[in-house]
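Everything below concerns the one structure shown next.
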Amino acid sequence: MNKKIAVLGAGAIGGSVSADLTDAGLDVTVIDQWPEHVEVMREKGLHVQMPDLDLKTPPLRAHHLCELASLRTTFDIVLLIVKSYDTRWMCELIKPYLKSDGIFVGAQNSMNNETICSIIGRERVVGCCVELSAEIFTPGFIQRNTPRKGTWFAVGELDGSVTPRAEEVRDIFAHVAVTEVTPNIEGTKWTKLIANCMTMGPFGLLGLKNAETKKLPGVIELSVGLGKEAMAVGEALGYGVEPVFGLSSDDFAGSDDQVLVTAMKTLLEHVGPRSRTAPIQDHIKGRKSEMEYINGLVSRRARELGIPTPFNDAVTEIARMIDDGEIEMGRPNYELLQAKIAELV
């Protein structure tokens with residue numbers, strides 16, 4: 001392949017993708033907003049430590065955001081790998097540098113394709129659902145918790161068709177993860193959102209590792225409550241539950257509770273016991289979390305539909321309080337969460 005690929009956003013997930021595509025010999029340009037990280041990538045490359053591989057790339061073609069205008073190039077494929085709250089302005093930034101017949105892929109959490117299409121144009125967008133756990137706190141160094149064979153991506157056209165370009169995107173991501181083409185990418189993304197609500201939700205308020213949080217009394221039941229609300233909202237919006245994380249339709253057979261627990265436990269097994277969910281990583285870095293676009297999205301859509309979602313409402317409110325500095329992230333928030341849910345039910 002001689003396609004020119006831009007990775008816009010080279011944090012833990014984007015950096016992992018950039019390293020794997022570079023390692024595969026693809027033509028990759030990396031653009032990021034962390035100055036020190038960009039300098040290390042262009043001088044030394046990326047060091048990605050996986051459970052089964054210690055990957056060190058050569059220096060990357062890495063650029064600061066402010067250098068984009070001077071590149072004087074266009075890209076065949078743009079992979080957007082940033083927080084959901086950065087979607088709109090990042091799309092506007094990169095739009096002039098995507099070829100008229102190029103492909104734009106938002107490899108993100110949450111449901112951002114509507115926003116992306118409004119800026120980039122629906123005809124250039126291929127959807128993507130990502131399961132990859134990684135952390136970055138030091139410029140140029142990423143701790144990736146899921147190895148390539150234990151990482152899962154799905155891609156698909158927004159209209160459900162299976163096209164050569166969707167298969168091309170699948171083949172690109174196959175260097176990073178076990179990747180499949182799905183005829184229902186939006187349903188797949190909502191199913192991943194359900195799993196995120198169940199884990200990022202309670203886990204992302206406490207500052208604990210996943211293995212510590214899942215031992216708390218009642219946490220599985222609480223997570224199922226979050227998931228059932230998200231599932232109900234998704235069904236009202238027309239999103240069917242799709243097998244995710246490489247699971248089969250048989251794995252997703254059974255009651256709603258069984259399906260939700262299967263999705264949650266599979267996700268936690270894949271990311272491993274040493275991992276910390278993304279909102280905790282953001283908090284350590286002094287950054288706003290993405291919870292507004294996970295549990296918060298469920299709450300907003302539920303209000304529009306008249307569906308009560310006390311579990312997700314409570315998570316969203318406590319996450320806001322943490323982001324606004326009203327309370328500290330920590331173990332006591334578990335009791336606060338339970339109390340708020342009790343008030344709202």
Side-chain angles (χ1 to χ4, degrees), residues 1-68 70-83 86 90 93-94 97-99 102-108 126 128-155 165-179:
M1 174 187 287
N2 58 359
K3 298 288 183 71
K4 294 178 69 65
I5 302 171
V7 179
L8 186 56
I13 308 304
S16 295
V17 170
S18 299
D20 281 346
L21 299 188
T22 299
D23 188 49
L26 302 186
D27 185 344
V28 179
T29 298
V30 182
I31 305 160
D32 195 71
Q33 57 183 318
W34 184 7
E36 294 83 1
H37 187 44
V38 170
E39 292 300 322
V40 172
M41 287 191 291
R42 68 176 15 160
E43 292 174 13
K44 299 180 180 179
L46 275 169
H47 180 188
V48 183
Q49 201 168 71
M50 307 180 214
D52 59 348
L53 178 65
D54 196 41
L55 175 62
K56 295 180 180 179
T57 74
L60 301 186
R61 190 183 301 118
H63 298 280
H64 302 281
L65 293 180
C66 60
E67 296 175 325
L68 185 57
S70 62
L71 295 185
R72 299 185 180 182
T73 190
T74 54
F75 298 100
D76 299 288
I77 300 169
V78 170
L79 308 178
L80 180 70
I81 313 180
V82 299
K83 297 292 183 183
D86 286 329
M90 282 287 201
L93 177 71
I94 201 67
Y97 307 97
L98 177 65
K99 291 182 179 179
I103 303 170
F104 190 99
V105 184
Q108 306 166 275
V126 171
C128 180
C129 183
V130 173
E131 182 211 8
L132 192 164
S133 171
E135 302 181 13
I136 182 169
F137 296 99
T138 303
F141 176 76
I142 296 169
Q143 175 187 298
R144 178 169 164 180
N145 301 315
T146 49
R148 290 170 179 169
K149 290 184 178 179
T151 303
W152 176 85
F153 284 15
V155 300
R165 72 174 189 172
E167 293 174 338
E168 180 180 16
V169 174
R170 175 201 61 197
D171 292 344
I172 290 170
F173 281 137
H175 298 292
V176 183
V178 175
T179 308

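In this chain, residues are counted from 1 in sequence order. Values below: every heavy atom of this structure, side chains too, minus hydrogens, waters and symmetry copies.
Residues Arg144 and Leu55 have side chains not in contact (no heavy-atom distance under 4.5 Å, counting atoms from C-beta outward). Taking the side chain as every heavy atom from C-beta outward, Leu132 and Val176 approach each other to under 4.5 Å. The side-chain heavy atoms of Asp54 and His47, taken from C-beta on, include a pair separated by under 4.5 Å. In this structure, the side chains of Val82 and Gln108 come closer than 4.5 Å at one or more pairs of heavy atoms. Using a 4.5 Å heavy-atom cutoff, the side chains of Tyr97 and Leu68 are in contact.
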Residues Leu80, Ile94; criterion side chain to side chain contact (heavy atoms under 4.5 Å, CB included); working and verdict:
CA-CA 9 Å; Leu80 180 70; Ile94 201 67; 5.9 Å; no

Run the numbers on Phe173 and Asp20 for side chain to side chain contact (heavy atoms under 4.5 Å, CB included), then give the verdict.
CA-CA 9 Å; Phe173 281 137; Asp20 281 346; over 6 Å; no

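Looking at Leu8, Val30, Leu21, Ile103 one by one, the single match for side-chain contact (heavy atoms from CB on, under 4.5 Å) with Leu79 turns out to be Leu21.
Of the possible polar contacts, one joining the Asp76 side chain to the Lys4 backbone as a donor-acceptor pair under 3.5 Å is found. Checking side-chain atoms of Arg42 against main-chain N and O of Ala62 turns up a donor-acceptor pair under 3.5 Å. For the pair Thr151 (side chain) and Thr146 (backbone), a donor-acceptor distance under 3.5 Å is present. A distance-only check finds a donor-acceptor pair linking the side chain of His37 to the backbone of Ala10 [under 3.5 Å]. A side-chain donor-acceptor contact under 3.5 Å links Thr57 to the backbone of Leu46.
Note that the CG atom of Asn145 and the CD atom of Glu135 stand 5.5 Å from one another [nearest 0.5 Å]. In this structure, CD in Glu168 is found 10.5 Å from CZ in Arg170, a value given to the nearest 0.5 Å. Here the NZ atom belonging to Lys83 is positioned 8.0 Å from the CD1 atom belonging to Ile13, to the nearest 0.5 angstrom. One finds the NZ atom of Lys99 at 7.5 Å from the OG1 atom of Thr73 (value rounded to the nearest 0.5 Å). Interatomic distance, CH2 of Trp34 versus CD1 of Ile136, reported as 5.0 Å (0.5 Å rounding). One distance of note links CD1 of Ile5 with CD1 of Ile172; it measures 4.0 Å at 0.5 Å rounding.
Ser16 approaches Ala12 most closely through the heavy-atom pair OG-O, 2.7 Å. Residues Pro35 and His64 approach most closely at O-CE1, 3.3 Å, considering heavy atoms. Shown here for Cys128 and Val155, the closest heavy-atom pair between the two residues is SG-CG1, 4.1 Å. Closest non-hydrogen pair, Lys3 versus Asp27, comes out as O-CB, 3.5 Å. In terms of heavy atoms, Asp52 sits closest to Pro147 at OD1-CB, 3.3 Å. Shortest non-hydrogen contact noted between Val28 and Val7 is CG1-CG2, 4.0 Å.
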